[in-house]
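Chain A is the first sequence line, chain B the second, and so forth, proteins listed ahead of strands; every chain is numbered from 1. Here the structure is a predicted model, which means the values were calculated and not measured.
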2 protein chains.
Amino acid sequence: MLQIKRPSIVDVAELAKVSKQTVSRVINESPNVSEKTRQRVLQAIEALGFRRSELARNFSQGRTHSLGVVGRDLNYFGTRTYIGIARQAEALGYSLLLKELPESGIEQIEPMLNALLDRHVDGILWAVPEIADNHAWLDSGLLARIPVPMVFLSMAPRQEATVVAYDNFAGGELATRYLLDCGRKHIGHIAGPQEWWDASERQRGWETTLQQAGMKVLPEHVAMGNWDAASGEAAFHRLLASYPALDAVFVANDKMALGVLLAAHEKGLRIPEDLAVIGFDDITESAYFHPPLTTIFQDKAALGQQAVKTLAHRIEQKFQPAVQHVLESTPLTHQLIVRKTTPAGVIKT
Amino acid sequence: MLQIKRPSIVDVAELAKVSKQTVSRVINESPNVSEKTRQRVLQAIEALGFRRSELARNFSQGRTHSLGVVGRDLNYFGTRTYIGIARQAEALGYSLLLKELPESGIEQIEPMLNALLDRHVDGILWAVPEIADNHAWLDSGLLARIPVPMVFLSMAPRQEATVVAYDNFAGGELATRYLLDCGRKHIGHIAGPQEWWDASERQRGWETTLQQAGMKVLPEHVAMGNWDAASGEAAFHRLLASYPALDAVFVANDKMALGVLLAAHEKGLRIPEDLAVIGFDDITESAYFHPPLTTIFQDKAALGQQAVKTLAHRIEQKFQPAVQHVLESTPLTHQLIVRKTTPAGVIKT
DNA sequence: CTGTTAGCGCTTTCAA
DNA sequence: TTGAAAGCGCTAACAG
């Protein structure tokens, strides 16, 4: 099973009777080649089935036209986010080098970044959710020593770091205000894990909105889950116990809301008459929950796209500081999707 | 903003007063280095903060220790599959180069493969679901011309192609047999898109099992969906119309089953008394459906792991034909998960 | 045990 | 418009 060597630029040069330099010019579409030789070279390329080795090119140029993507469990940001990332990267001519950051934590971070840098990625996209202080390394000065542009997905804004994120605070406000508009007076919250930035922002949005409406917010008006349906169910039981007057609940994601719906049903609560429920995310299933879930939509694909655009923009700036690059931007705003878990007839602008 | 050049092997050599070859030996842990010089070199490495450039190494070795992964929409195989792939690749020392195959189709395939080969991936993992004839290119001889090992995820077995897949036929049998064991006499099927290999296999499992039980299987006993909850709902309405005696339904995936549950509820059917329902996949939400869904579990992470193991095994074989490599294998068998959408009290071995 | 010499396949000077 | 030469950072093959 003889391995046939890929033809190189030299093979093409020999066949076309030119220098390899000329071949290089042809494949790079340099204008400084006569039409005649260009044709000869193109023929040789065709005849040999030549393709330029990106590996060699990357090596010689010192850049790889690839982006390192560090994720955690792929599934937090969800497949939609990754699709956005992948499509946008492809569109912009970047390859993706994917890494999974293990739970273990902080001591894995530097090795991971190094692995990417050793492969000379042009930029790095950090798609690890911010949990507790797992982004604390940013303040250690490590960031400044990373020689390539870096973009962070959905983390708390901080100095010197480029962040692409939804405004979860605003999302929390949107959900809560809607429940207020429905006329509910006792709006509880089932939060994601406190240590998650996204979760605490959503909670802050809920709290602030209620306070601005002149309502009191007590600790027993919140229960915490871990994003899973099971935890939503458990949290709902606790919440109902600690806040019996409850007539509406803002759940920090749709999966937990699924658990809430089940639990409420078991308790014999009518939805939305006795209890209004609003979720967060608008996962595809939520339209088929029982009853269909009112929720806050966020376009995860757009989030991924925007992150890649931003990163690519910074890379181009670095490699060609001369030219003015424009950064296209996708708007990232939450949308309210009203379905059956909230009362009908409410006008919302 | 001066870009500091990464120290190279040569810088280390100079500082340690040895040849770069010796440095190379040290970083590759060759035994043929005296302890004394090794220490000197290590110190120099430390002092300079040297790290070997994987890019250069890849180039010089002609292999990249990376796997090309071609997926479609990331979400068909699901995040679990990708987590399995990512973790196993990491464990085996491979990087992942990710590509998304656009829907458009066949004319994208060769460019995609070429893009991967131009970057000299060591192997390719094809994670695109087999739909209609979108794998027909395999029979065109293209495969034979791909110079690196390739592994296909979840497609129909064929000559000359390495496939890692669940036996969907067996899964269909398992589900159907269970409904029979429950004593149901009118078992319908809501299938995935006919053109999907996985879908048609599951259907075949259903059909065969019923026939072996001496039952007649008619076209009106099946309705087709597109994997989405919405399509499951619609398909159920059609199925009920064409097969009024229906007392059980095997749904080809959990999402569609979700739609079925909603539709059945609206029809006033009691589950499982009037209608037993079994899904397929065991997505995390299904335990929280209303009622909790009986389903067939498949470990997608294990699927991804097994695919990477298989691919890595073939790669090692190629690069070091001398040594005997053992291929660890993860068992890929479906499991029945009994919850509330099927009658209780059935003993199942 | 260590050093020397090539060479991987391309791009980037610099000359002609 | 073309070519020659050097170099990217490493490994491989051969000497000593």
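Under 4.0 angstrom from either OP1 or OP2 of D:dA12 there lies no side-chain N or O belonging to B:Ser24. Side-chain N/O atoms of A:Ser19 include none lying less than 4.0 angstrom from OP1 or OP2 on D:dA4. Between B:Thr22 and C:dT2, a side-chain N or O to OP1/OP2 separation shorter than 4.0 Å is absent. Using a 4.0 Å cut-off, some side-chain N or O of A:Arg52 falls inside it from OP1 or OP2 of C:dT11. For A:Thr37, a side-chain nitrogen or oxygen approaches OP1 or OP2 of D:dT2 to under 4.0 Å. For the OP1/OP2 pair of D:dT11 and a distance below 4.0 Å, the side-chain nitrogens and oxygens of B:Asn28 include at least one atom meeting the criterion. Note on A:Ser60: every side-chain N or O is 4.0 Å or more away from OP1 and OP2 of C:dG9.
A straight line from CZ of B:Arg63 to P of D:dC10 spans 18 Å, rounded to a whole angstrom. Nucleotide D:dC8 holds its P atom 10 Å from the CG atom of B:Asp11, rounded to whole Å. Here the P atom of nucleotide C:dT11 and the NE2 atom of A:His65 are 10 Å apart, to the nearest Å. Whole-Å rounding puts the A:Leu55 CG to D:dC10 P distance at 14 Å. One atom, CG of B:Asp118, and another, P of C:dC10, lie 10 Å apart when rounded to the nearest Å. One atom, CG of A:Leu48, and another, P of C:dG9, lie 13 Å apart when rounded to the nearest Å. Here D:dC10 presents its P atom at 13 Å from CD of B:Glu14, a figure rounded to the nearest Å. Nucleotide D:dT11 holds its C1' atom 12 Å from the CD atom of B:Glu54, rounded to whole Å.
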After noting the C-alpha distance and the side-chain angles of B:Gln43 and B:Gln39, does the key distance pass the side-chain hydrogen bond (donor to acceptor under 3.5 Å, both in side chains) rule? CA-CA 6 Å; B:Gln43 270 181 6; B:Gln39 288 307 331; 5.9 Å; no

For A:Thr330 and A:Lys309, run side-chain hydrogen bond (donor to acceptor under 3.5 Å, both in side chains): C-alpha distance rounded to whole Å, both residues' side-chain angles, the deciding distance at 0.1 Å, then the answer. CA-CA 9 Å; A:Thr330 322; A:Lys309 279 184 195 165; 3.1 Å; yes

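Under the 30°/60° scheme for interplanar angles, the aromatic rings of B:Trp126 and B:His135 are found to stand perpendicular.
By the criterion of a centre-to-centre distance under 5.5 Å and near-parallel planes under 30°, the ring of B:Phe59 forms a stack with the base of C:dC8.
Each of B:Arg63, B:His65, B:Arg314 was evaluated against B:Asp122; a single residue qualifies, B:Arg63, per the side chain to side chain donor-acceptor pair (under 3.5 Å) test.
Here the side chain of B:Asp299 pairs a donor or acceptor atom with the backbone of B:Ala302 at under 3.5 angstrom.
Side-chain atoms of A:Phe50 lie closest to C:dC10 of the nucleotides C:dT13, C:dC10, C:dG3. Considering only the side chain of B:Gln61, D:dT11 comes nearest among D:dT11, D:dC10, C:dT12. For A:Ser8, the side-chain atoms get nearest to C:dC10 when compared with the rest of D:dC14, C:dC10, D:dT2.
Toward the 5' end of DNA chain D, the nearer of the two residues A:Ala56 and A:Ser34, judged by each one's closest nucleotide, is A:Ser34. Both A:Lys20 and A:Arg40 lie near DNA chain D, and the one whose nearest nucleotide falls closer to the 5' end is A:Arg40.
A side-chain donor-acceptor contact under 3.5 Å links A:Ser95 and B:Arg119.
Heavy atoms of B:Arg6 sit nowhere under 4.0 angstrom from any nucleic acid atom. Heavy atoms of B:Asn58 sit nowhere under 4.0 angstrom from any nucleic acid atom.
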